[in-house]
Amino acid sequence: MNAFDPALSPLEWNELDARAVKSIKALAADAVEKCGSGHPGTAISLAPAAYLLFQKTMRHDPSDPAWVGRDRFVLSAGHSSLTLYLQLFLAGYGMEMDDIAALRTWDSQTPGHPEYGHTPGVEITTGPLGQGLASAVGMAYGARRERGLLDPDAAPGTSPFDHHVYVIASDGDLQEGVTSEASSLAGHQQLGNLVVIWDDNKISIEDDTDIAFTEDVLARYEAYGWHTQRVDFTQGGTGYAEDTDELAAALDAAKAETGKPSIIALRTIIGWPAPTKQNTGGIHGSAMGADEVAGMKTVLELDPEKSFHIDDEVLAYTRAVAERQSDQRAAWDTAFEAWKTAAPERAALLERLTAGELPEGWADALPQFEESTKGIATRAASGKVLSALADVLPELWGGSADLAGSNNTTMDGATSFVPIEHATKKFPGDPYGRTLHFGIREHAMGSILNGIVLHGLTRPYGGTFLQFSDYMRASVRLAALMGIPSTFVWTHDSIGLGEDGPTHQPVEHLAALRAIPGLDIVRPADANETAWAWRGILEGRDHPAGLVLTRQGVPTFPRGTEGFAGAEGTLKGGYTLLDTDGTPDVILVGTGSEVQLAVEARELLAADGVAARVVSLPSREWFDRQDAAYRESVLPAAVRARVSVEAGVAQGWRDIVGDAGRSVSLEHYGASADYQTLYREFGITAEAVAAAARESVAAVRGA
C-alpha cells in the first residue's frame, strides 16, 4: 500500500456518485449517436469501473497533469476512448461538454482513439490492441528505475516516487501476442505497482468471443506470476449488479500485493443497460440508434429528451476530486519537500530530468576513435560509447532481446534490472539495476521502451538484429506517432552479418523503416560517426531513433587528415566526407558500411581522371531537416551525376540520385557465406560503384 493514496476502504459512494455514473453512460451513447460512429458499449458498461479509478482510487491532480507524484492510467482498450474522455470531463482536465459532443471530429479534443500530447490527461496513444498494456509494463519499469535513481532507500510505500500504473484492458488486448510477452516480463520483474482491470465482457466485433477465445486467462496470468482476482457484475449469470464495493475491495487487495502485478477479471455485460443491444457485437462498434438510446436513458431514470446533459451539482462534485484528495496531496508535498532537503543532489537530478536537459559538458565523455584500416564494427563502437556515458548520464539505460553480446548494449560494470532471486552468475542484478533483459521478446521490448519514455524521466534503449525490427514495427510506429525519444538499437544491419544467411539478413528494412514518418534512421559509417550519432539521438527529444549498426568491422577514417572531414557532420544527417578541387564530376553517396566502398571507388575514378565527391549520409531524416542552403552545399543540383551505395533495396534513393543517377543496391534476398564473398558475388563493391559512376557521368553528358 502507499502512504499517499486516497482512502478506498471503506468505499464512500453516495447518490452523486451514482448519478455521475448514470450520466456518463448516457453521454457515451449521445456522443456516438451524434458522430454516427464509435464504440459506445464498453464505455457504457465500464462507466462505474473507470469512475471508481478516477474519482476514488487514483492519485492525480487535474490542475497539474504532469505532476511527478501521480498515478498513471492507460486505456489499452483505446477504441473505447470515451471511457477515458468522460473521466477527464468529470475530473476537470479541461474537457468540456462541447468536447464530448465533438467526438471523432476534426480538430477536437476527443479523437477516435486517445492521442498522447493532444488531449490533457492522456498518458499514451492507444488503439492498436495490446500496445497499451504492454507499454504500461514499461511505465512500471520506469517507475522502479526512477525510484532507484532518486529515493532508493525509502521504505516501500513511503517515497513520493511510489505510485501505481492502472490499466483498463479488453478481450482484444489479451488476445494480441504482445501482451503475452509483456505480461510474462511483468510477472518475472515482480512489478507490484501495476494493476490491470480486464473487461471480461466476452464480446468483440465478431460478437461472442467463444468463436476464437476460450482460454482460462486468469490461469495464464497466474502462471506468469501475477496476482489474480475475479469480480462478477453478472452474479454468476443470475442477474446484474455494478458492485463497486466488491471492485474497490479487489483494487485494495491488488495494491496490497506489492510483490506481483495484479489483474482483476471484471465480468461485465457490454452496453448494460441498453434494452435490446446489450451483450451484442452491434453495440461494440457502432451507434445504438435513437430509440435504443432513449430506452437506455429511461432505464437509468434519466430524461430521454435530454442529450449531452449532466446536472450542475453532479459535475461540481466530480470536479472537486482534487479537493477530496487534499489531505493525501498535503502529505505528499510534505514528504517531497523533506526529500529535497535531505537529498539536494538527487533533487537537482530530478529537476534536470524533468526539464529534459542533458548535463553540461556531457558530450566530453564521448570517445574518439583513432584511424584504423582494420577498424571496428559500429556495434562495438556503440558499446564503447554507452559505457563511456554511463557515469555522466544516469538516466540512460537499456539492454537487449537476448542479444546483449551481439548488440553490445551492456554498459561496463552495470548491474541488471531484475529481482535479486532472478539474477544469474553472468548477470548480477537488483531491482534498481541498469541493464535490461527482455528475453526473446522483441515485440514487447519496443512497447516497454515506449512506456519507460512516457513515464517521463529516463532515456531507455533496446537492441536486436535489424531483421527482427519486423517484430517491433507496431511499437516503433506508435513511438513516431507520439513523437517520443525511444531509441532502438538494430545491429547486424545487412548481408554483412554473413553466414547466418537470408533469414537474418535485412534487405528491405532500411527502406521500410524510413517510410515511417517521424522515425529517424541513423546508420553511421565508422566508429566516430557512431559516437556522434549517439550524441544526436540523445540531444533529440521529439523523435524516436533507430540506430543501425554493423556486425563486421569497418575502417575508422582518418578524421581531419588526408582530406577526410571530421565526424561532427553526422549531426546534420549528411556531409561531405571527401571532396575534390573544384566542382566534382560525380557525387558518391553512401551509408554505413558502404561508405568505405565509395571512398575506394573515388580512388579508382581518380585514376581515370573522374573527380568524385564522397558524401556520407547516415540519416536521411536529419539531413532533410537542414536548410536548403546546407543541403545544396552537400548535394549541389548542378552535379547531376550521382551514385548511391547501400546494401539494401534502392527504393527511396531516386530523389537523391535523380534521373541520371545510379544506385548500387541489393534487390533480392541474401545467402549464407562470409560477408566478403557476399558483397563480391552480389556486386556491392568499389568497382561496381565506380562503374555506376561512369555510367551516370556518361548519362549526364549524353543528355
Side-chain angles (χ1 to χ4, degrees), residues 21 24-25 28-29 32 38-54 57-58 73-87 113-114 124 126-134 136 165-176 178-180 183 194-210 212-218 220-221 226 228-237 240-244 246-248 250-251 254 261-274 277-285:
V21 169
I24 59 175
K25 285 176 178 280
V32 175
H39 297 77
T42 301
I44 291 169
S45 49
L46 277 185
Y51 183 89
L52 181 63
L53 285 176
F54 272 81
T57 309
M58 288 168 46
F73 175 75
V74 174
L75 181 67
S76 195
H79 57 275
S80 185
S81 55
L82 280 164
T83 295
L84 176 54
Y85 297 152
L86 289 166
Q87 297 310 318
H113 293 79
I124 178 175
T126 53
L129 288 173
Q131 290 292 326
L133 174 50
V165 179
Y166 292 97
V167 182
I168 286 180
S170 64
D171 288 313
D173 289 297
L174 298 189
Q175 290 175 53
E176 287 286 359
V178 67
T179 55
S180 296
S183 297
L194 177 63
V195 179
V196 176
I197 296 176
W198 163 39
D199 181 28
D200 180 18
N201 64 35
K202 302 191 185 302
I203 292 291
S204 62
I205 291 176
E206 294 186 355
D207 206 76
D208 192 329
T209 56
D210 274 355
F213 187 52
T214 54
E215 68 189 46
D216 187 337
V217 171
L218 290 190
R220 172 159 62 99
Y221 271 77
W226 286 54
T228 64
Q229 299 177 85
R230 184 176 296 281
V231 175
D232 187 358
F233 283 179
T234 73
Q235 301 174 315
Y240 201 81
E242 294 176 331
D243 192 338
T244 50
E246 186 182 0
L247 183 55
L251 287 166
S262 291
I263 184 169
I264 301 167
L266 177 62
R267 180 71 174 97
T268 64
I269 292 176
I270 190 170
W272 189 88
K277 293 189 177 181
Q278 62 175 271
N279 205 31
T280 67
I283 205 170
H284 169 87

- What distance separates Leu52 CG from Met58 CE, expressed to the nearest 0.5 Å? 11.0 Å
- Between Ala43 and Leu82, what is the shortest heavy-atom contact and its length? CB-CB, 3.9 Å
- Message: Rounded to the nearest 0.5 Å, what separates atom CG in Asp173 from atom CD in Gln131?
- Response: 10.0 Å
- Query: With sequence neighbours excluded, what pairs up with Glu246 under the side chain to side chain donor-acceptor pair (under 3.5 Å) test?
  - Reply: none
- Task: Given side chain to side chain contact (heavy atoms under 4.5 Å, CB included), test Asn201 with Thr209 step by step and report yes or no.
- Result: CA-CA 9 Å; Asn201 64 35; Thr209 56; 5.7 Å; no
- Of the non-hydrogen atoms in Ile44 and Ala28, which two are nearest, and what is the gap between them? CG1-CB, 4.0 Å
- Of Leu251, Leu218, Thr228, the one forming a side-chain contact (heavy atoms from CB on, under 4.5 Å) with Ile264 is Leu251
- With side chains defined as the heavy atoms from C-beta onward, is the minimum distance between Tyr166 and Leu194 less than 4.5 Å? no
- What pairs with Lys277 under salt bridge (charged side-chain N to carboxylate O under 4.0 Å, His left out), at least two apart in sequence or on another chain? none
- So, Ser183 and Tyr221: side-chain donor and acceptor under 3.5 Å apart, yes or no? yes
- Closest approach of Gly38 to Pro40 (non-hydrogen atoms, all atoms of both residues): O-CD, 3.6 Å
- Query: Step by step, would you call His79 with His113 a ring pair (Phe, Tyr, Trp, His ring centres under 6.0 Å)?
  - Reply: CA-CA 6 Å; His79 57 275; His113 293 79; 7.1 Å; no
- Test applied, side-chain contact (heavy atoms from CB on, under 4.5 Å); reference residue, Leu75; option that passes from Val167, Ile124, Thr83: Thr83
- Are the side chain of Ser45 and the backbone of Gly41 linked by a donor-acceptor contact shorter than 3.5 Å? yes
- Got a salt bridge between Asp200 and Lys202, using NZ or NE/NH1/NH2 to carboxylate O under 4.0 Å? yes
- Message: Could you report the tightest heavy-atom contact between Ala47 and Lys25, atom names first, then the distance?
- Response: CB-CG, 3.8 Å
- Rounded to the nearest 0.5 angstrom, the OG1-NE2 distance for Thr42 and His284 is 6.0 Å
- Query: So how far is it from Leu174 CG to Leu133 CG, rounded to the nearest 0.5 Å?
  - Reply: 6.5 Å
- Task: Search all heavy atoms of Ala254 against all heavy atoms of Gln229 and return the closest pair with its distance.
- Result: N-NE2, 3.7 Å
- Check the pair Phe73, Val165 against side chain to side chain contact (heavy atoms under 4.5 Å, CB included), reporting the backbone distance first and the verdict last. CA-CA 6 Å; Phe73 175 75; Val165 179; over 6 Å; no
- Begin from the C-alpha positions of Ser80 and Leu46 and carry the test side chain to side chain contact (heavy atoms under 4.5 Å, CB included) through to its verdict. CA-CA 9 Å; Ser80 185; Leu46 277 185; 5.5 Å; no
- Query: Does any non-hydrogen side-chain atom of Asp171 lie less than 4.5 Å from one of Phe213?
  - Reply: yes
- Query: In Å, rounded to the nearest 0.5 Å, how long is the span from OH of Tyr51 to CD of Glu242?
  - Reply: 13.0 Å
- The complete set of side-chain hydrogen bond (donor to acceptor under 3.5 Å, both in side chains) pairs with one or both residues in residues 262-274, sequence neighbours excluded, reads Asp199-Thr268, His227-Ser262
- Between Ile197 and Ile263, does a side chain to side chain contact (heavy atoms under 4.5 Å, CB included) hold up when you go through it step by step? CA-CA 6 Å; Ile197 296 176; Ile263 184 169; over 6 Å; no
- Closest non-hydrogen atoms of Val231 and Ala250, given as atom of the first, atom of the second and distance, are CG2-CB, 3.8 Å
- Nearest-0.5 Å distance that lies between atom CD1 in Ile168 and atom CG in Leu84: 8.5 Å
- Query: Any chance the side chains of Arg220 and Ser180 put a donor and an acceptor closer than 3.5 Å?
  - Reply: yes
- Task: Return yes when atom CD of Glu215 has more than 12 non-hydrogen atoms of other residues, nucleotides or ligands closer than 6.0 Å, and no otherwise.
- Result: yes
